[in-house]
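Here's the structure we're looking at; comments come further down.
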Amino acid sequence: MSETNQPLRTQIAVVGAGHAGVEAALAAARMGIDTVLFTMSLDTVANMPCNPSIGGTAKGHLVYEIDALGGEMGRVADLVTLQSRTLNLGKGAAVQSKRVQADRKKYQSIMKHTLEKTEHLRLIQAEIVELRTKEDENGVKSVRSVVTKLGEEWFCDCVIIATGTHLESAIFVGSVSYEAGPDGTLPAKGLSASLQAAGIKLLRFKTGTPARVKRSTIRLDQLEEQPGDDHILPYSVQHDEDMFNGTSQIPCHIVYTNASTHKIIRDNIQRSALYSGKIHGTGPRYCPSIEDKLVRFADKERHQLFVEPMGENTEEMYIQGFSTSLPTDVQVKMLHSLAGFENAEIMRYAYAIEYDCADPTQMNATLEFKDIKGLYGAGQFNGTSGYEEAAAQGLVAGINAARKLQSKSPIIMKRSESYIGTLIDDLVTKGTNEPYRMMTSRSEYRLLLRQDNADLRLTPIGREVGLINDARYAQYLSKKSKEEAEKERLESTHVSPETANPFLEEIGETRLKSGASLADLLRRPAVSYEQLAKIDPDRPQLPATVRLTVEVDIKYAGYAKRQCAEVEHRKRLEEKKLPLDLNYREIRGLRIEAAQKLEKLRPLTLGQASRISGVNPADISVLLIYLNIK
């Protein structure tokens, strides 16, 4: 109670102000819901305790999707970009991903101020140590309140848990271990026990981060320079596509481990907290420590490391790929074995961190817990790894908590329409036994889910929930109209062999024997939209983002058509709802293993059921027959 004895109250309480909590709170507040965002420290809002970057393989897709839905990450990332690179340029457009090196302090500052200025949102420094629930006359459990370490009880209708890596967290460096959160912050104590008492199953995961090194002590001239892209497009449609024209980028650098580095690690590997048995949590498969890499890839003579700036006004440099839990003396020897790092000074030592998180199969695709109404999970609390995965889940949790209070149907992102849908579907149907990282290979529809068309795919959903205003929606409609008109023009504009052949010969392409449309020429792998300008003098002036999507749509048309057919084929399963009270054990013909898995996970649709490990096509056929009979 407050001093006036009035109970403290909000509609939605968000616990944790990392990337998940920030997006959740902003979404709910912008949808008009009274929201309180609790953080253990106002100085660590939207912190980047690991790599100071936004995007990367598949992660860049998530950032574009977050922006298309009305989230904040892409907008702020644009404002703090130190360098931007497109990964996988040598591969198809579907797997090309934008990644920016970000100024982490500026990112934090802008995001914190954005929260402070948002209506219906209060940002409060307080540690939440307890979740309290209530039961109705039918025994259905729901959220009642959250309690702070100072004893304040906040009554609320929904709670979103976004605690990152803070829950009962512990730091490991060699034989030394102590309770702490990332970057030397405080651990969250007590909430884990409260969640377990409420019936939530927790897992124990581990992640880590490399040392930070003083820039002036690195001989950068001995390293391979890695420049940014010449032409940069922003993440956010809220920014002009020419915003980076004329801006300078800070270069990153590449260095490699060597035989000496590997010998130092192997000679000391039993001193690593990972291999000495001190760490019990499961680490990320796709972002292992350097000692783990040496064990897994023993035949590799060297490993690539990326030397990246932490910000514009700091000397700290981040050594991506050099994560470790080896003791400090070994870290120094490892570092000094690298070319150009002979006299390098460590400013922050590398460490591993272990923490509690929830088994995500306890949640629905809305990210609401099945057995506690009004309780949502998001981010690393759900077993994921990465800022982008966290922000995407936070946005969805915030939207669905707000819509629940608005008595509106939830938003369930589909696998066929977004990487966000793939991410959440994987978590709630398959679960994870290690920190989950998004990759393009996880999506069976990746030819349809590109960065360049994220706004076309998802802006209508953002509009529906109230996160896309009139101006942005008009911008979306204008872009969509321009793209459709240009594709139609290219399909209907034909050129003769006399016009096209000199151009084709110039680029080493096969000559035409008869006329062809500009779209037919563009479908050739060696022909780009920009090159076609030589034989297409009447083309309209279009934004770069429109030109890009037009080109990729035309080149991928055949593949996309097949994937669209697959989406339609599976639509019956995706739309067939499963009753929440269905007794799977009584369905004749359903295997025992399948019935047990379905009883435990309670999928919302047949599509979800088909992706559960242990449920095979024959089981789905049994369900189809049973449901048709019923």
Side-chain angles (χ1 to χ4, degrees), residues 139-142 161 195-196 198-205 282 356-384 389 392-393 396-397 400 404 409-416 418 420-436 438 442-444 570 572-627 630:
V140 177
K141 191 181 294 185
S142 62
I161 306 290
L195 294 174
Q196 288 175 311
I200 293 173
K201 177 185 176 183
L202 297 181
L203 307 172
R204 191 73 172 166
F205 280 178
T282 307
D356 288 346
C357 57
D359 179 348
T361 60
Q362 299 168 100
M363 302 170 205
N364 289 315
T366 61
L367 295 181
E368 183 179 21
F369 278 82
K370 298 170 186 175
D371 296 333
I372 305 178
K373 304 304 177 186
L375 180 64
Y376 295 77
Q380 286 181 281
F381 175 72
N382 288 359
T384 58
E389 291 90 339
Q393 294 170 74
V396 171
N400 281 325
K404 183 182 185 75
S409 59
I411 295 295
I412 296 178
M413 306 296 290
K414 300 174 185 174
R415 295 183 71 93
S416 58
S418 66
I420 297 177
T422 304
L423 163 67
I424 294 174
D425 185 69
D426 278 353
L427 290 172
V428 301
T429 60
K430 302 174 184 176
T432 184
N433 57 9
E434 63 186 28
Y436 177 104
M438 194 71 240
R442 294 193 188 273
S443 174
E444 62 272 44
R570 293 191 61 85
R572 180 189 181 199
L573 294 181
E574 298 298 341
E575 293 182 349
K576 189 71 174 178
K577 303 289 186 183
L578 289 171
L580 291 177
D581 59 352
L582 187 60
N583 190 337
Y584 292 99
R585 297 176 189 272
E586 292 185 353
I587 299 176
R588 184 176 298 177
L590 195 62
R591 294 176 310 111
I592 293 175
E593 180 189 6
Q596 290 173 340
K597 290 288 183 70
L598 292 165
E599 285 278 1
K600 177 185 177 183
L601 298 178
R602 290 278 161 196
L604 297 178
T605 68
L606 270 174
Q608 274 191 343
S610 70
R611 291 185 291 275
I612 294 174
S613 174
V615 177
N616 65 31
D619 298 318
I620 298 301
S621 296
V622 170
L623 288 174
L624 275 169
I625 294 169
Y626 179 83
L627 291 169
K630 299 296 284 187

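These numbers come from a predicted model, not from an experiment. Side-chain atoms are counted along with the backbone in the values below, which use heavy atoms only and exclude waters and symmetry mates.
Put simply, the side chain of Ile200 does not reach to within 4.5 Å of the side chain of Ile161, judged on heavy atoms. Side-chain contact between Phe381 and Leu195 is present, with heavy atoms from C-beta onward closer than 4.5 Å. Considering only heavy atoms from C-beta on, Thr605 stays 4.5 Å or farther from Leu573 through its side chain. With contacts defined as side-chain heavy-atom distances shorter than 4.5 Å, the pair Leu623/Ile587 qualifies. Side-chain contact between Ser613 and Lys597 is present, with heavy atoms from C-beta onward closer than 4.5 Å. Annotation: side chain of Leu598 is not in contact with side chain of Leu582 (no heavy-atom distance under 4.5 Å). In this structure, Val396 and Ile411 have side chains that are not in contact, with every pair of non-hydrogen atoms separated by 4.5 Å or more. Side-chain atoms of Tyr376 and Gln393, non-hydrogen and from C-beta on, never get closer than 4.5 Å to each other.
Contacts of Ser416 classified as side-chain contact (heavy atoms from CB on, under 4.5 Å), with partners at least two apart in sequence or in another chain: Lys414, Tyr445, Val567. Partners of Lys201 according to the salt bridge (charged side-chain N to carboxylate O under 4.0 Å, His left out) rule, which considers only residues two or more places apart in sequence or in another chain, are Asp359. Qualifying side-chain contact (heavy atoms from CB on, under 4.5 Å) partners for Gln196, counting only residues two or more places apart in sequence or in other chains: Leu202. Qualifying side-chain contact (heavy atoms from CB on, under 4.5 Å) partners for Asp581, counting only residues two or more places apart in sequence or in other chains: Pro579. A search for salt bridge (charged side-chain N to carboxylate O under 4.0 Å, His left out) contacts involving Lys430 returns Asp426, not counting sequence neighbours. A search for side-chain contact (heavy atoms from CB on, under 4.5 Å) contacts involving Ser621 returns nothing, not counting sequence neighbours.
Minimum heavy-atom separation, Val622 to Gly589: CG2-O, 3.6 Å. What you find for Arg611 and Glu574 is that their closest heavy atoms are NH1-OE2, 2.6 Å. Summarising the geometry of Arg442 relative to Arg415, their closest heavy-atom pair is O-NH2, 3.2 Å, with the distance given to 0.1 Å. The two residues Thr366 and Pro410 come nearest to each other via the heavy atoms CG2-CB, 3.5 Å. When all heavy atoms are compared, the tightest approach of Ile420 to Ala392 is CG1-CB, 3.9 Å. Heavy-atom minimum distance, Tyr584 versus Glu599: N-OE2, 3.1 Å.
Here the CE-CG distance, from Met413 to Leu423, works out to 10.5 Å after rounding to the nearest 0.5 Å. Atom-to-atom distance recorded for Phe205:CZ and Tyr436:OH is 12.5 Å, nearest 0.5 angstrom. From Arg570, atom CZ reaches atom CG of Leu606 across 10.0 Å, with rounding to the nearest 0.5 Å. The line from CG of Leu604 to CG of Leu580 is 6.5 Å long, rounded to the nearest 0.5 Å. From Leu627, atom CG reaches atom CG of Leu578 across 6.0 Å, with rounding to the nearest 0.5 Å. Taking NZ of Lys577 as the reference point, atom CD of Gln608 lies at 8.5 Å (rounded to 0.5 Å).
A donor-acceptor pair is defined here as one N or O able to donate and one able to accept, closer than 3.5 Å; such a pair exists between the side chain of Lys141 and the backbone of Ala198. Checking side-chain atoms of Thr384 against main-chain N and O of Gly379 turns up a donor-acceptor pair under 3.5 Å.
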**OP:** Quick one: do Arg591 and Asp619 satisfy side chain to side chain contact (heavy atoms under 4.5 Å, CB included)? Show the steps, please.
**Re:** CA-CA 7 Å; Arg591 294 176 310 111; Asp619 298 318; 2.7 Å; yes
**OP:** Take Arg204 and Asp356, measure what side chain to side chain contact (heavy atoms under 4.5 Å, CB included) needs, and give me the verdict at the end.
**Re:** CA-CA 5 Å; Arg204 191 73 172 166; Asp356 288 346; 2.8 Å; yes
Subject >> Worked verdict on Ile424 versus Met363 for side chain to side chain contact (heavy atoms under 4.5 Å, CB included) >> reply: CA-CA 10 Å; Ile424 294 174; Met363 302 170 205; over 6 Å; no
**OP:** Go through the steps to decide whether Arg585 and Gln596 satisfy the test side chain to side chain contact (heavy atoms under 4.5 Å, CB included), and finish with yes or no.
**Re:** CA-CA 7 Å; Arg585 297 176 189 272; Gln596 290 173 340; 4.0 Å; yes
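Checking each of Ile612, Val428, Thr429 against Pro603 for a side chain to side chain contact (heavy atoms under 4.5 Å, CB included) leaves exactly one that passes, namely Ile612.
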